[in-house]
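Structure, as structure tokens:
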Amino acid sequence: MELSKNYIPTEVETKWYAHWMAKGYFSSQPDDREPYTVVIPPPNVTGVLHMGHCLNNSIQDILIRRARMMGKNACWVPGTDHASIATEAKVVAMLRERGIAKSSLTRDAFLEYAWEWKEKYGGIILQQLRKLGCSLDWDRTSFTMDPDYYQSVIGVFVELYNKGHIYRGKRMINWDVRAKTALSDEEVIYKEVQSKLYHLRYEVASEAGTEKTYITIATVRPETILGDAAICVHPDDERYKHLHGKFAFVPLINRRIPIIPDEYVAIDFGTGALKVTPAHDINDYQLGQKYQLEIIDTMNDDGTMNQDAQLFVGLDRLEVRKLIVPDLEAAGNLVKIEEYNNQVGFSERTDAMVEPRLSLQWWVSMKDLAAPALTAVMEDEIHFHPAKFKNLYRHWMENIKDWCISRQLWWGHRIPAYYAPDGRFAVATSAEDALVQLNTAENPLTIEQIKQDEDCLDTWFSSWLWPFEVFKGLSQPGNKELDYYYPTNTLVTAPEIIFFWVARMIMAGYEFQGKKPFTDVYFTGIVRDKQGRKMSKSLGNSPDLLGLIDKYGADAVRFGIMISSPAGNDLLFDESALEQGRNFNNKLWNALKLIKMWEARIGGQTEAHDQQEFAINWFENRLNTVRTEVESLMEQFRLSEALKIVYSLVWDDFCSWYLEWIKPGFEQPIDAKLYEKTVGYFEELMQLLHPFMPFITEEIYHLLGEQSEDLCVKQNKSLVKENTAVSAAGELLKQVISALRDARNKNQLKPKESIDLHIQTANQYSYQSIEAILAKQVNAKTIHYTQESVGNSIVVAVEKDKFFIETEKQLDASTLRAELLKDLEHQRGFLEAVTKKLSNERFVQNAKPEIVALEQKKQSDAMARIKTIEESLSNLPG
RNA sequence: GGGAGCAUAGCUCAGCUGGUUUAGAGCAUCUGCCUUACAAGCAGAGGGUCCGCGGUUCGAACCCGUGUGCUCCCA
């Protein structure tokens, strides 16, 4: 069969994914094997694959494929999240394009459009994951609004309500005026903006006939003065002590408000006097509670002023901020305007400036839920990788606030609260159940009279159930699959959602299953562009991932993204890493081509049996060593390091050293045993690499020979311990070859110019067994052993052995001398440092004996080497 | 304002229990090679005040303190 010049991934990838699917390798059923379970962080159903998903899912696939090859029953569950805000926004936008306003639709009609949209466009991302090679169990694809899942979410709400963990309360919340919904704290993004600090003076109420006095406050939000309920000053502030207990008048509307002292006020900020607007600021609200101030809500849910504002009714609050200033100035209340930078919250979804607003919302009380979840992580029942995220987690969990779970949206799980016309309400899984609770003898009700809450639950209130609900942990409690797969093994996710999602899943796991949801959490980094900026649509710096897969192949993309991303470190994405991946594919492909060329030339008499044995022993040992190292790195979730050492094993040890050592001369035969061994090693390399680069490894594995099974499910052999003597012999040979090549280069010997090599060594025997390899690698036509220096030659020293390169070419003695002197200087400096250390009595006394012995060996080696160099110098001509 | 983390070669990062040659890798750079697997390649090389300062220790890139700079999270 003719193999193409370079590796071409496209067809290979399509072919093998289809084959794996046809064989059902990815689907899992409970059996006698140990399970290895991963649930995908469900991407938004509206999502398309981006770099973050690519990193995240490559990691999960590596873990899953490796587990599958280690005899575990690997189960990776796919699915999507209904993403209430994002999806509803998309549907509203689609309707707008069709000329339909959401407000003109009933809830049911809107939801029909939403489901239609979801069926048509949702879940594209799941198709895209196939292109990446992800070995997900597609039969288990879940959705957070599947009927069973939906019921479980409702059930959880009812259960938590009945346990007293859910309550309804009027609280200050973050209000998105564009989406007209409450936002959780996590959905608010704070940005620094340039604002103005307005100094406004309020007239102080005084007795008739006395002169008018004023108190000046500073605010960035002059439009909110219409809702002012008090002025607050620090009790120790001398400037205002005389005003404690007096009253002032709100400008323009002349409402009389008290002046109160409280330590909350910062004396040195602004004027030291603070206006208190309980309805529109969280801190003011708390002050209002403390002093029972009137709450004057001056805003509608769309951010316009309402009747209670008295002025500017119907105008947007940002417009009013501009309009009110000239009026204040005209009324003589404006003192001055300063430039001021402050942090302002914006909605993550709509980018609207968030309004703190009082609203009746549903809450989960977090304290009781958080306690076991904190302990689990701090006591390492759940392991975080890297562990540094434990600190962050603890800090958040210890300062946890109640969770606002209601959202003013239709797309999502509808809050199961039902209201009677008189305002009483009941929480129940159905209207019928609610009716039973609300119906009383004095107050008989029909089902038509009770109304369900219009709002939906926060998306995270469904996704926190994900690790068990994908196995129907609540809808079919205690079922066989749950028992087998749960707790899951590893969660792979971004640190950005440690609180949104990871922490809450841990709480839900303990609360609803009595068990942790997973054992290990691997935090990936955030994918950034070359300049370190987050990937975002607005910056246009997100590469087109599918385009990259087409260009470089999925294996190369996986390689490129994995090679430079240790756990928890951000990854600066650079296309050159993908190029490196593509080049690696090509390297593998060419190694395959070389070996396939030999296939036709097996047999015949071959020479240099010893050399082959040496190469075989050495590489086999190398392979065993690296397999052990990979095992250990993978257990520690150090994936990129594992990939690096496999890369180097393939490229350096296998291709650059081993294959060169055993390569027969042009059109020469190859020993049958050697060929067989080499193919075996190549297969093992493919097996080791398969989790990282599944497609090309499967392809090469099958091209290497007739196989009885697929690499995808081939089980790893047990590990073999490293033979350190064999490793050392190989390292020495490599060192000698490199040193001799370096010497050739420095003396401008062309690769084609052959040399005569003389070796001065006490271990002649060990060199004799590798003469042929050495000769081939340094282009030596003869190798001799000598007891003394060889004149007019290039001298190379490796450890205690000396090598003399004899050549017909005229040598440049001054270059050689310079090289030797440089080396001599380095060795002397080194010797000095070691000697100094050894002559320090306290070192010799206190350091561990093996450390001292090592230093002594360093010393004697350095001394021997210095002697060699000095001899060589005196041996130089001229 | 509160908290966490980071600072090592031009770039991206390893360096885990303080001692394994005067610190390693990949990419980039430079030199020489189109050598019958591979120029998407081969063989070599150069490149470092381990952020500054102080301390602990026989010994510090590593531990402690402090300063500076950057990043992230929270308000």
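Letters A, B, ... are given to chains in the order of the sequence lines, protein chains preceding strands, and every chain is numbered from 1. Small disclaimer: the values here were computed from a predicted structure and weren't measured.
- Relative to the side chain of K746(A), the nucleotides rU21(B), rC27(B), rA45(B) differ in distance, and rA45(B) lies closest.
- Residue Q748(A) places its CD atom among 12 or fewer non-hydrogen atoms of other residues, nucleotides or ligands, all under 6.0 Å distant.
- rC30(B) and rG67(B) are spaced 44 Å apart, taking the P atom of each and rounding to whole Å.
- Counting atom types as modelled, E660(A) pairs a side-chain N or O with a base atom of rA37(B) as donor and acceptor under 3.5 Å.
- Under 4.0 Å is where a charged nitrogen must lie from a carboxylate oxygen, and between D861(A) and R865(A) no such pair does.
- When distances run from any side-chain atom of D742(A) to the nucleotides rA40(B), rC33(B), rA45(B), the shortest one goes to rA45(B).
- Classified by interplanar angle (parallel below 30°, tilted 30° to 60°, perpendicular above 60°), the ring pair F654(A)/F619(A) is tilted.
- Contact annotation for K5(A): backbone-only contact, meaning every heavy-atom pair under 4.0 Å involves sugar-phosphate atoms and none involves a base.
- Close to rA40(B), at under 4.0 Å from its OP1 or OP2, lies no side-chain N or O of R582(A).
- If C655(A) and D652(A) are placed on RNA chain B by their nearest nucleotide, the residue sitting closer to the 5' end is D652(A).
- Nucleotides rU66(B) and rG3(B) place their P atoms 13 Å apart, quoted to the nearest Å.
- Ranking rC16(B), rC33(B), rA43(B) by closeness to the E641(A) side chain, first place goes to rC16(B).
- Below 30°, between 30° and 60°, or above 60°: for W657(A) and W661(A) the angle between ring planes is between 30° and 60°, a tilted geometry.
- With distances taken from any side-chain atom of K587(A) to the nucleotides rU21(B), rC38(B), rA40(B), the minimum falls on rC38(B).
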How would nucleotides 55-61 of chain B be written as a contact map, 5' to 3', with B for base contact, S for sugar-phosphate-only contact and - for no contact, using protein heavy atoms under 4.0 Å?
---B---
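- A donor-acceptor contact closer than 3.5 angstrom is absent between the side chains of Y285(A) and T277(A).
- Across all non-hydrogen atoms, the minimal contact from M378(A) to K390(A) is O-NZ, 3.9 Å.
- rG44(B) atom C1' lies 13 Å from atom CG of N747(A), rounded to whole Å.
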The dot-bracket string of RNA chain B, counting Watson-Crick and G-U wobble pairs with both distances under 3.5 Å, using [ ] for crossing pairs and | for pairs to another strand, is (((((((..((((.....[....)))).(((((.......))))).....(((((..]....)))))))))))).
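- Listed nucleotides: rC42(B), rU20(B), rG26(B). Nearest to the side chain of W651(A): rC42(B).
- Heavy atoms of I851(A) sit under 4.0 angstrom from at least one base atom.
- Between N745(A) and the phosphate of rA45(B), there is no side-chain N or O to OP1/OP2 separation shorter than 4.0 Å.
- Atom-to-atom, NE2 of H826(A) to C1' of rG47(B) comes out at 14 Å; the value is rounded to the nearest Å.
- Residue-level contact check: S738(A) touches the backbone only, with heavy atoms under 4.0 Å from sugar-phosphate atoms and none from bases.
- Backbone-only engagement by K750(A) is indicated by non-hydrogen atom pairs under 4.0 Å involving sugar-phosphate atoms exclusively.
- Checked against rU21(B), rA43(B), rA37(B), the side chain of M597(A) finds its nearest nucleotide in rA37(B).
- Scanning for salt bridge (Lys or Arg N to Asp or Glu O under 4.0 Å) contacts around K750(A) gives an empty result, with sequence neighbours left out.
- Contact annotation for Q580(A): backbone-only contact, meaning every heavy-atom pair under 4.0 Å involves sugar-phosphate atoms and none involves a base.
- Each of rA37(B), rA43(B), rC27(B) was ranked by its minimum atom distance to the side chain of S656(A); first place goes to rA43(B).
- Between the C1' atoms of rG10(B) and rG48(B), the separation comes to 12 Å (whole Å).
- Side-chain proximity of N590(A) to rA37(B), rC16(B), rC27(B): nearest is rA37(B).
- Taking the six-membered ring where the residue is Trp, Y647(A) and W651(A) present tilted rings, their angle falling between 30° and 60°.
- At a threshold of 4.0 angstrom between heavy atoms, the contacts of R638(A) include nucleobase atoms, whether or not backbone atoms are also involved.
- Of the listed nucleotides (rA40(B), rC16(B), rA37(B)), rA40(B) has the atom at the smallest distance from the side chain of N586(A).
- The aromatic rings of F499(A) and W396(A) lie parallel to each other, their planes meeting at an angle below 30°, with 60° marking the opposite boundary.
- When distances run from any side-chain atom of K401(A) to the nucleotides rG41(B), rG19(B), rA75(B), the shortest one goes to rA75(B).
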